[in-house]
Asks: 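Once you've had a glance at the structure underneath, I'll fire off some questions.
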Amino acid sequence: MTLVELLLALLNDMFFAAIPAVGFALVFNVPQNALAYCAIGGAVGHGSRFLMMHYGVPIEWATFFAATIVGMIGVHWSHKFLAHPKVFTVAALIPMVPGVFAYKAMIAMVEINHLGYTPELVAILMENFLKAMFIIAGLAIGLAMPGLLFYRSRPVV
């Protein structure tokens, strides 16, 4: 993949990640002047995950690092605009929720129920379920990371 193709793919990924970020921000009643920041956060988060995965980082770790980046940016914006960081970060992380992996795990579970136990179906179920859970854990821990680092009363070490 050439650099131009990578940049076009990155811009495409970021554009289409900004749309659900704004949609969920509207569902969460985010103030209108913060919608653009939710879109930027969603684009930066999903775009950084895309780049990390392109360079070989597993999706679970890429999601954790991308969520941490979004959390750090959200803390910066919260100080700048005097709002809670969750205003900017929660909707921005929604595009990284692992819907495909959870869906595949659920389909495998339904097929096990319908067709009976097979080792292949259980392997599909466990692989997709564990991947979805680790991605969700990466989102949760990454979102909490700035609070653990910046809002401590005692030093980290």
Side-chain angles (χ1 to χ4, degrees), residues 1-81 83-109 120-121 123-151 156:
M1 180 179 266
T2 66
L3 182 62
V4 173
E5 290 173 338
L6 177 63
L7 288 176
L8 287 175
L10 177 63
L11 287 174
N12 184 49
D13 184 75
M14 292 173 77
F15 174 75
F16 284 109
I19 295 169
V22 171
F24 276 93
L26 289 170
V27 169
F28 298 147
N29 290 325
V30 169
Q32 192 171 6
N33 57 351
L35 291 177
Y37 296 101
C38 291
I40 293 168
V44 166
H46 210 277
S48 62
R49 182 175 85 164
F50 175 83
L51 276 179
M52 285 184 259
M53 288 172 55
H54 176 75
Y55 288 109
V57 178
I59 189 170
E60 299 87 354
W61 284 104
T63 303
F64 167 71
F65 292 128
T68 302
I69 291 168
V70 170
M72 299 282 188
I73 293 170
V75 167
H76 172 71
W77 286 338
S78 71
H79 290 268
K80 186 175 179 181
F81 299 112
H84 196 279
K86 302 298 186 247
V87 169
F88 306 106
T89 57
V90 172
L93 292 182
I94 294 294
M96 291 190 282
V97 170
V100 171
F101 297 114
Y103 175 78
K104 287 180 180 179
M106 187 59 69
I107 291 299
M109 188 183 304
E120 295 82 17
L121 283 176
I124 292 170
L125 168 66
M126 292 309 296
E127 179 181 349
N128 286 296
F129 174 77
L130 288 173
K131 191 171 287 260
M133 290 303 108
F134 278 114
I135 292 170
I136 290 171
L139 286 170
I141 295 168
L143 183 61
M145 193 60 64
L148 295 172
L149 294 175
F150 295 140
Y151 301 117
V156 175

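Just so you know, residue 1 is the first one in the sequence shown, and it goes up from there. All figures in this text were calculated on a predicted structure; none of them were measured in a lab.
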Asks: How many angstroms lie between CD1 in I135 and CZ in F64, if you round to the nearest 0.5 Å?
Replies: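 Reported to 0.5 Å precision, the distance equals 14.0 Å.
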Asks: Considering only heavy atoms from C-beta outward, does the side chain of V87 approach that of P31 to under 4.5 Å?
Replies: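 Yes. Closest side-chain heavy atoms under 4.5 Å.
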Asks: Roughly how far, to the nearest 0.5 Å, is NE2 of H76 from NZ of K80?
Replies: 5.5 Å
Asks: Which residue is it: I136, V100, I59? I am looking for the one with a side-chain contact (heavy atoms from CB on, under 4.5 Å) to K131.
Replies: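 Exactly one pass, corresponding to I59.
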Asks: Output yes when a side-chain donor or acceptor of E127 lies under 3.5 Å from a complementary backbone atom of I124, and no otherwise.
Replies: no
Asks: Starting at CZ of R49, measure out to CG of L51 and round the result to the nearest 0.5 Å.
Replies: 12.0 Å
Asks: Please work out which of the three classes, parallel, tilted or perpendicular, describes the rings of F88 and F81, given edges at 30° and 60°.
Replies: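 Answer is tilted, since the angle falls between 30° and 60°.
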Asks: A side-chain contact here means heavy atoms from C-beta on lying under 4.5 Å apart; do L121 and L125 qualify?
Replies: no
Asks: Would you call I107 and Y103 a side-chain contact if the rule is heavy atoms closer than 4.5 Å?
Replies: yes
Asks: Taking the side chain as C-beta and beyond, is there a heavy-atom pair between L143 and V70 under 4.5 Å?
Replies: no
Asks: Is any side-chain heavy atom of V75 closer than 4.5 Å to a side-chain heavy atom of M72?
Replies: no
Asks: Measure up the F24 and F28 rings against each other and bin them: parallel (under 30°), tilted (30 to 60°), perpendicular (over 60°).
Replies: tilted
